[in-house]
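Below is one structure. I have some questions about it.
We're numbering straight along the sequence, starting at 1.
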Amino acid sequence: SNQLMGNDVWAVLWGLVAVLCVGWPFCAVLFLTTGFWTVWKAWKAASTKGGGGLGGTTPTTPIAMASWHHAIKPISLILLRTSIHAILLQSLVMIIDYHFYGRIVSPIWNIFAYNAQSGGDELYGIEPLSYYVKNLLLNFNLVAVLGIVSGPMLVMTEVGRRMFPTWSLSMLFSNNDDDDCGGDNDDNGDGTNHNKRNNHDDDDGDASMDTKTTAMLVLLPMYLWMAIVLPRPHKEERFLFPIYPMLCFGAAITVNELVNLLLQLYHYAFRRSETEKAEGKNDETTTKTTTKTTSWKRRSLGFYLGMALLFPSVLLSISRSFALYHYYSAPLMVYRELFHRASSSSKNNNDQRTTTPATSTTTYVCTAGEWYRFPSSFFLPPNHQLGFLKSSFTGQLPQPYTEYGSRQESLLVQGNGKFNDVNEEEMDRYVDIGQCSYVVELVPSARDGDTIPESLQYMELDESSGGVSSAGSWTQLASYKYLDAESTPLLHRILYLPFGRDGKVVHKGYNLYGREQPI
């Protein structure tokens, strides 16, 4: 927004904050055009002030050389200011990192060095290009398509305006909003008004070009980002997050261009005949009234056309939001239920301990293959921790933080805790089912012919091995519906349709199990 409003200093500063403070340097690509545009504007302003033109001269002519001399100072100031801001921000980030890591580190250098290694992020899985296509359509539906085509749309309209500057149909390729789109009305009969109109068109063309240039500078990083991210074998939805604002901006531009195109078609189909009828009456008042009425109709029509273009996207977005809530919110519901049950149980236990202080023993909430749907540790009460049961996943699982955070002392507290940079399985991450007080698992609604979920196998083994006598038997505490993607048709998986759901939408049970304490 700062770039669109001409606040180049703040635009560059926020770019530095995004790159240096977040610790994800790849997003610097998104601010390349901001930097180049800022330098270009400084050179352009200095050249104009110094008497040098932007065209018609070469760098070897005295005037052009003079303009470059005038531009050196403002460009140098921009580069110096940017360097100072970058040094200050990076110093602040390294101070904060030193406080938490206990040593001097540079996350930017680390992430570059890691991704430059052979293999790199491919160790964490690879996906086809369709992965990103599906995610964009799921999250933005028609807006994603409108946003992606906005760049070609801007280029097409500008090329059309330049190729047909005098042809009346060239108005189809411009955003001119004047009432007389034809531009050939000669009130004085001597061509005076026609000349003024041509001059006005030239001014509008320059203004339109400046606006489209700025818009293109905002959109260009989106295409650069996609050119870098899309071919990468390892794909994640979060890699698309940086271009989401640009997709929305591009969609707005595309809608604006389409509305203007439709309005021009409306002008040639209906409005010109109305104007000619009014002019045929030789009544200046009637002509002005007709022109004002038509202008009001044009604005109203433009509003309704824009609404019509976006209305399908609104419906799809609402349907998608309902689908996410009704079909996929079970993990949040289960861990919310867990939090309330565990908190209530802890409170009751503490109320019964009148002489013995409460202990800090860790209570494990365990899961096997459902670990990646665990929302956050904020869903766990104090002294509760997520425990991993061995599953078919053979990669490296996360390690919980200790009171020392990311310092070296954490490794001493964790004993044999290890980390590796090749995504190899570390066996110290797993706990035994006997240590678990709660278990979370996704269970098919009909288990005939299906493999028994891994957590249920562990619970059955625990009960058969005599673990019940010491810790209590397992019982189901809560169950919420979770969509069975393999058994549900595609359309019902991605959208919530209030009709035709019976017999097609199949659910699994997202269950919470707990130990029933022995009497």
Hey, what do you get for NZ (K41) to CD1 (I78), rounding to the nearest 0.5 Å? 9.5 Å

NZ/K481: more than 12 non-hydrogen atoms of other groups inside 6.0 Å: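 12 or below, so no.
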
Counting C-beta onward and ignoring hydrogens, is there a side-chain heavy-atom pair between K508 and V443 closer than 4.5 Å?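 In short, these two side chains do not touch, never coming nearer than 4.5 Å.
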
Compare every heavy atom of A330 with every heavy atom of Y510, then report the nearest pair and how far apart it is. CB-CB, 3.6 Å

Parallel, tilted or perpendicular: which fits the ring planes of F393 and W371, with parallel below 30° and perpendicular above 60°?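 Ring orientation, 0 to 90° scale: tilted.
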
Quick check on I104: does its CD1 atom have over 12 non-hydrogen neighbours (other residues, nucleotides or ligands) under 6.0 Å away?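 Check fails, neighbour count at 12 or below.
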
Would you call the rings of F322 and H326 parallel, tilted or perpendicular, taking 30° and 60° as the class edges? parallel

Any donor-acceptor pair under 3.5 Å linking the side chain of D462 with the backbone of Y458?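 Checked: no pair found.
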
Under 3.5 Å donor-acceptor, T488 side chain and V506 backbone: yes

How about L477 and L512: do any of their side-chain heavy atoms sit closer than 4.5 Å? yes

Would the number of heavy atoms belonging to other residues, nucleotides or ligands and lying under 6.0 Å from OH of Y98 be above 12?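 No.
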
S319 side, atom OG; I494 side, atom CD1 - distance, nearest 0.5 Å: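 That separation rounds to 8.5 Å.
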
What do you reckon, is CZ of F36 surrounded by more than 12 foreign heavy atoms closer than 6.0 Å?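 No, not enclosed.
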
Give a yes or no on this: more than 12 heavy atoms of other residues, nucleotides or ligands lie within 6.0 Å of atom CD1 of I126. no

Between V439 and I433, is a side chain to side chain contact (heavy atoms under 4.5 Å, CB included) present by the stated rule, with each step listed? CA-CA 9 Å; V439 169; I433 187 64; 4.0 Å; yes

Set of side-chain hydrogen bond (donor to acceptor under 3.5 Å, both in side chains) partners for R238, sequence neighbours left out: E236

For S392, check side chain to side chain contact (heavy atoms under 4.5 Å, CB included) against everything at least two apart and list the hits.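 S392 satisfies side chain to side chain contact (heavy atoms under 4.5 Å, CB included) with E454 once adjacent residues are dropped.
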
Stepwise side chain to side chain contact (heavy atoms under 4.5 Å, CB included) test for Y438 and T363: CA-CA 8 Å; Y438 300 94; T363 299; 4.3 Å; yes

Hey, is the main chain of A252 close enough, under 3.5 Å, to the side chain of N256 for a donor-acceptor pair? no

Candidate pair F140 and Y244, rule ring pair (Phe, Tyr, Trp, His ring centres under 6.0 Å), full reasoning: CA-CA 9 Å; F140 282 88; Y244 281 174; 4.6 Å; yes

So how far is it from Y132 OH to M226 CE, rounded to the nearest 0.5 Å?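 If we round to the nearest 0.5 Å, Y132:OH and M226:CE are 12.0 Å apart.
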
Test side chain to side chain contact (heavy atoms under 4.5 Å, CB included) on E337 and Y480; report intermediate values, then the result. CA-CA 10 Å; E337 178 75 17; Y480 294 90; 3.6 Å; yes

Between W225 and F239, is there a donor-acceptor pair closer than 3.5 Å when you use the side chain of the first and the backbone of the second?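 Side chain of W225 to backbone of F239: a pair is present.
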
When you look at S313 and N141, which way does the side chain to side chain donor-acceptor pair (under 3.5 Å) test go after all the steps? CA-CA 6 Å; S313 178; N141 51 73; 2.7 Å; yes

Starting from the C-alpha separation in whole Å, work towards a yes-or-no answer on ring pair (Phe, Tyr, Trp, His ring centres under 6.0 Å) for Y328 and Y482. CA-CA 6 Å; Y328 303 103; Y482 192 87; 5.7 Å; yes

Has the side chain of Q396 got a donor or acceptor atom that lies under 3.5 Å from a matching backbone atom of N420? yes

Quick check: do L136 and I148 have side-chain heavy atoms less than 4.5 Å from each other? yes

Apply side chain to side chain contact (heavy atoms under 4.5 Å, CB included) to P375 and list each qualifying residue two or more places apart in sequence or on a separate chain.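 With sequence neighbours excluded, P375 shows a side chain to side chain contact (heavy atoms under 4.5 Å, CB included) to L332, Y335, F379, given in chain and number order.
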
F31, CZ: over 12 other non-hydrogen atoms inside 6.0 angstrom: yes

List the steps, then state whether side chain to side chain contact (heavy atoms under 4.5 Å, CB included) holds for F378 with F339. CA-CA 9 Å; F378 289 110; F339 182 88; over 6 Å; no

Main-chain N/O of P331 paired to R373 side chain as donor or acceptor, under 3.5 Å: no

Where is the tightest heavy-atom contact between L497 and H492, given as atom of each residue plus distance?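 So the two residues come closest at CD1-CE1, 4.0 Å.
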
Would a 4.5 Å heavy-atom cut-off, applied to side chains only, mark T33 and M216 as touching?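 A side-chain contact is absent here, since even the closest heavy-atom pair is not under 4.5 Å.
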
Between H99 (side chain only) and D97 (backbone N and O only), is there a donor and an acceptor less than 3.5 Å apart?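 Judged by distance alone, no pair lies under 3.5 Å.
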
Tell me whether Y513 contacts the main-chain N or O of M459 through its side chain, where contact means a donor paired with an acceptor under 3.5 Å. no

Can you tell me how far the CD atom of E257 sits from the CG atom of L154, to the nearest 0.5 Å?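 Result: 5.5 Å between the selected atoms.
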
D484 side, atom CG; R493 side, atom CZ - distance, nearest 0.5 Å: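 Reported to 0.5 Å precision, the distance equals 9.5 Å.
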
Let me confirm one number: the CZ-CH2 distance from R515 to W474, rounded to the nearest 0.5 Å. 4.0 Å

If only atom types and distance count, is the side chain of E127 paired as donor or acceptor with the main-chain N or O of K235 below 3.5 Å? no

When you measure from the side chain of S479 to the backbone N and O of G509, does any donor-acceptor pair fall under 3.5 Å?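 No, because the side chain of S479 does not come within donor-acceptor range (under 3.5 Å) of the backbone of G509.
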
